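When a ligand or atom number is given, it counts from 1 through the structure's own listing order. This structure is a prediction, so every number in the text was calculated from the model and none was measured.
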Amino acid sequence: MKVIVGVSGGIAAYKAAELVRALQQQALDVHVTMTEAAQQFVQPLTFAALTGHRVLTSLWQDADHSNPDAAMEHIAEAQSCDALVIAPATADLLARMAHGIANDFLTTLYLATPAPVLVAPAMNVQMWEHPATQANIAILAARGVQILPPESGALACGMVGSGRLADVETIARAVVATLHRRQNRKQDMAQETVLITAGGTREPIDPVRYLGNRSSGKMGYALAEAAQQRGARVRLISAPTQLQAPAGCAVTPVLTAEQMRAAVLEHLPQATLVIKAAAVADFRPRITAGQKIKRSGPITLELEPTGDILSETVQRRLPGTLVVGFAAETNDPLEHGRGKLARKGADAIVLNDVSRAGIGFESDRNAATFLTESRAIDLPEMSKRALADRILDEVLALRRDKNLLSEVGAMPTRRAPTDRG
Ligand code: CTP
């Protein structure tokens with residue numbers, strides 16, 4: 001398994017060499033990326049010699065502007081690693097991470113990776129205790145970054161207090177534990193056959209034009225990948241996207257809302273869970289022109305409504321099939337979400353507030369509210385891949401509640417959402 005050690009510019013940077021060694025002793029393939037400041041403390045050559053890999057120090061390292069692979073190296077690294085551990089993490093690096101500033105290789109990698117991220121801060125005690133640093137730590141922890149707090153003791157600056165890099169063995173153990181958790185992630189969806197819709201449908205106006213929307217399909221594809229990795233059989237019914245289908249998922253490509261409807265209804269009898277992440281056109285041109293419409297002054301497009309696939313799925317499902325819809329709202333999201341849940345009869349609605357900047361459409365990150373008849377569970381901003389797992393956690397919790405309800409014929413006692421972590 002591949003672990004990337006990110007080194008930022010503090011005196012504890014030299015300890016990263018010991019961390020690399022400790023991780024290698026766990027039979028991990030360790031790669032290193034350094035910030036510019038880190039290179040003032042330790043030479044990249046040290047890490048290159050230890051790891052046998054080139055040390056990544058800059059987004060523009062190869063300066064080969066004709067090589068697209070070099071330009072995309074941060075993405076390739078982000079996708080290929082199993083964990084990113086940043087040790088030491090300086091106050092500056094924590095601030096940049098917390099605020100999404102991606103101005104070097106390490107911070108870009110952090111934003112781009114779906115892998116678990118651990119940070120081990122090290123700095124002067126006053127810098128560590130400063131409200132700005134503590135606020136940044138809180139932001140990162142809320143996003144699922146694992147914080148390995150500094151230890152107390154004599155610091156390089158001559159002061160005594162909290163700020164010393166956590167023990168290297170402690171950091172290595174935390175990395176190994178995280179990898180194990182990830183690898184042994186329960187195959188808790190082995191009993192499920194999941195039908196997922198994704199992407200934005202296209203309704204042709206003429207042979208060259210269509211009515212579309214901004215959906216990238218990323219959320220639906222992340223859900224398909226997560227469900228597949230948790231042992232489910234997955235069929236992805238996909239409107240056009242730029243994405244590669246996750247390995248192991250069956251894919252039915254579709255173009256229009258009507259084609260999506262037909263594909264969903266065809267596969268519905270086998271499904272135990274349907275997740276409708278697609279952005280489906282609500283209207284289509286009443287007539288599709290057989291030839292390209294020529295520019296000749298104003299024209300009027302007559303639109304007719306498409307069928308509501310979600311509502312039809314709810315009506316036609318077999319007993320026991322759970323149906324989860326999505327709702328993208330720009331205003332009064334909770335109110336509209338609740339209305340949609342009731343109107344469509346779905347078991348849950350994943351509610352996206354698409355008026356928020358930086359998340360949702362086209363982005364790799366998202367935040368949502370998982371809305372059921374009785375609860376509204378806040379899923380804070382995270383990568384779409386991490387959010388996919390959180391959504392599936394909630395779907396499985398809902399399934400357990402419904403099973404319990406049908407067994408005992410009474411309302412079960414629900415745990416607080418935080419109980420499930
Ligand atoms: N949906 C569907 N068929 C449609 C339109 C939407 O199945 N023709 C599904 C979407 O896949 C999504 C959910 O319904 O899971 C909510 O989509 P949304 O467009 O937010 O709902 P609408 O009913 O179209 O409501 P609105 O008036 O807000 O557009």
Side-chain angles (χ1 to χ4, degrees), residues 194-204 210-224 227 234-241 252-268 271 273-286 303-317 321-356 359-362 366-373 376 379 384 387-388 391-392 394-395 398:
V194 190
L195 195 56
I196 297 174
T197 68
T201 58
R202 294 180 180 180
E203 306 301 326
Y210 59 83
L211 287 178
N213 60 67
R214 288 180 56 198
S215 170
S216 64
K218 286 178 182 170
M219 195 64 239
Y221 275 57
L223 280 160
V234 179
R235 176 162 297 273
L236 187 56
I237 296 178
S238 179
T241 71
T252 305
V254 297
L255 209 57
T256 64
E258 187 46 39
Q259 288 171 6
M260 183 168 275
R261 175 180 167 273
V264 168
L265 295 181
E266 182 190 339
H267 294 284
L268 183 59
L273 167 64
V274 183
I275 304 181
K276 304 223 56 245
V280 187
D282 288 327
F283 300 95
R284 67 174 156 245
R286 200 174 66 75
L303 303 179
E304 63 182 10
T306 57
D308 187 330
I309 313 170
L310 181 56
S311 300
E312 201 171 346
T313 304
V314 170
Q315 282 154 20
R316 294 206 191 185
R317 66 174 156 182
T321 299
L322 284 181
V323 180
V324 178
F326 268 65
E329 303 293 345
T330 53
N331 59 300
D332 305 321
L334 259 181
E335 194 185 319
H336 283 124
R338 284 199 191 290
K340 228 165 254 186
L341 183 71
R343 218 170 40 247
K344 303 203 179 214
D347 297 292
I349 289 276
V350 179
L351 183 60
N352 287 305
D353 179 353
V354 288
S355 65
R356 285 180 53 186
I359 59 169
F361 290 129
E362 291 145 14
N366 206 355
T369 306
F370 189 84
L371 209 58
T372 66
E373 211 183 346
L379 305 174
K384 284 187 174 170
L387 187 64
I391 291 169
L392 295 178
E394 292 306 332
V395 170
L398 188 63

Does the protein place any heavy atom closer than 4.0 Å to atom 8 (N) of ligand 1? yes

Give a yes or no answer on whether the side chain of Glu266 reaches the backbone of Ala262 with a donor-acceptor pair at less than 3.5 Å. no

Rounding to 0.5 Å, atoms CG (Leu379) and OG1 (Thr369) come to a distance of 7.0 Å

Location of contacts on Asp282 toward ligand 1, heavy atoms closer than 4.0 Å: side chain

Out of all atoms in ligand 1, which are within 4.0 Å of some heavy atom of Ala281? Include the element for each. 8 (N)

For Gly307, the ligand 1 atoms whose distance to one of its heavy atoms is below 4.0 Å: 3 (N), 4 (C), 8 (N)

Proximal atoms of ligand 1 relative to Thr306 (non-hydrogen, under 4.0 Å): 8 (N)

Value rounded to 0.5 Å, distance of CZ in Phe370 from CG in Leu351: 11.5 Å

Distance from atom 17 (O) of ligand 1 to nearest protein heavy atom, with residue and atom: Phe326 O, 3.6 Å

Numbered in order shown, the ligand 1 atoms found under 4.0 Å of a heavy atom of Gly325 are 15 (O)

Per-atom contacts of ligand 1 with Ala278, taking only distances under 4.0 Å to non-hydrogen atoms: 10 (C), 11 (O)

I'd like the name of whichever of Ile349, Val280, Val350 reaches closest to atom 4 (C) of ligand 1 through any heavy atom. Val280

For Asn352 and Ala368, indicate whether the former's side chain and the latter's backbone hold a donor-acceptor pair under 3.5 Å. no

Between Leu223 and Phe326, is there a side-chain heavy-atom distance shorter than 4.5 Å? yes

Report yes if Lys276 has an N/O atom closer than 3.5 Å to an N/O atom of ligand 1; otherwise report no. yes

If you round to the nearest 0.5 Å, how far is CZ of Arg317 from CG of Leu322? 7.5 Å

Protein contact to atom 14 (O) of ligand 1 [nearest heavy atom, distance to 0.1 Å]: Lys344 NZ, 3.1 Å

CG/Asn213 to CD/Glu203 distance, rounded to the nearest 0.5 angstrom? 9.5 Å

Identity and separation of the nearest protein heavy atom to atom 26 (P) of ligand 1: Lys340 NZ, 3.7 Å

Can Lys276 and Asp308 be counted as an ion pair, charged N to O under 4.0 angstrom? no

Any nitrogen or oxygen of Leu310 lying under 3.5 Å from a nitrogen or oxygen in ligand 1? Just yes or no. yes

Check His336 against ligand 1 and report side chain, backbone, both or neither, counting heavy atoms closer than 4.0 Å. neither

Distance from atom 3 (N) of ligand 1 to nearest protein heavy atom, with residue and atom: Ile309 N, 3.0 Å

Does Leu255 reach the side chain of Thr201, with side-chain heavy atoms less than 4.5 Å apart? no

Is any side-chain heavy atom of Met260 less than 4.5 Å from a side-chain heavy atom of Val280? yes

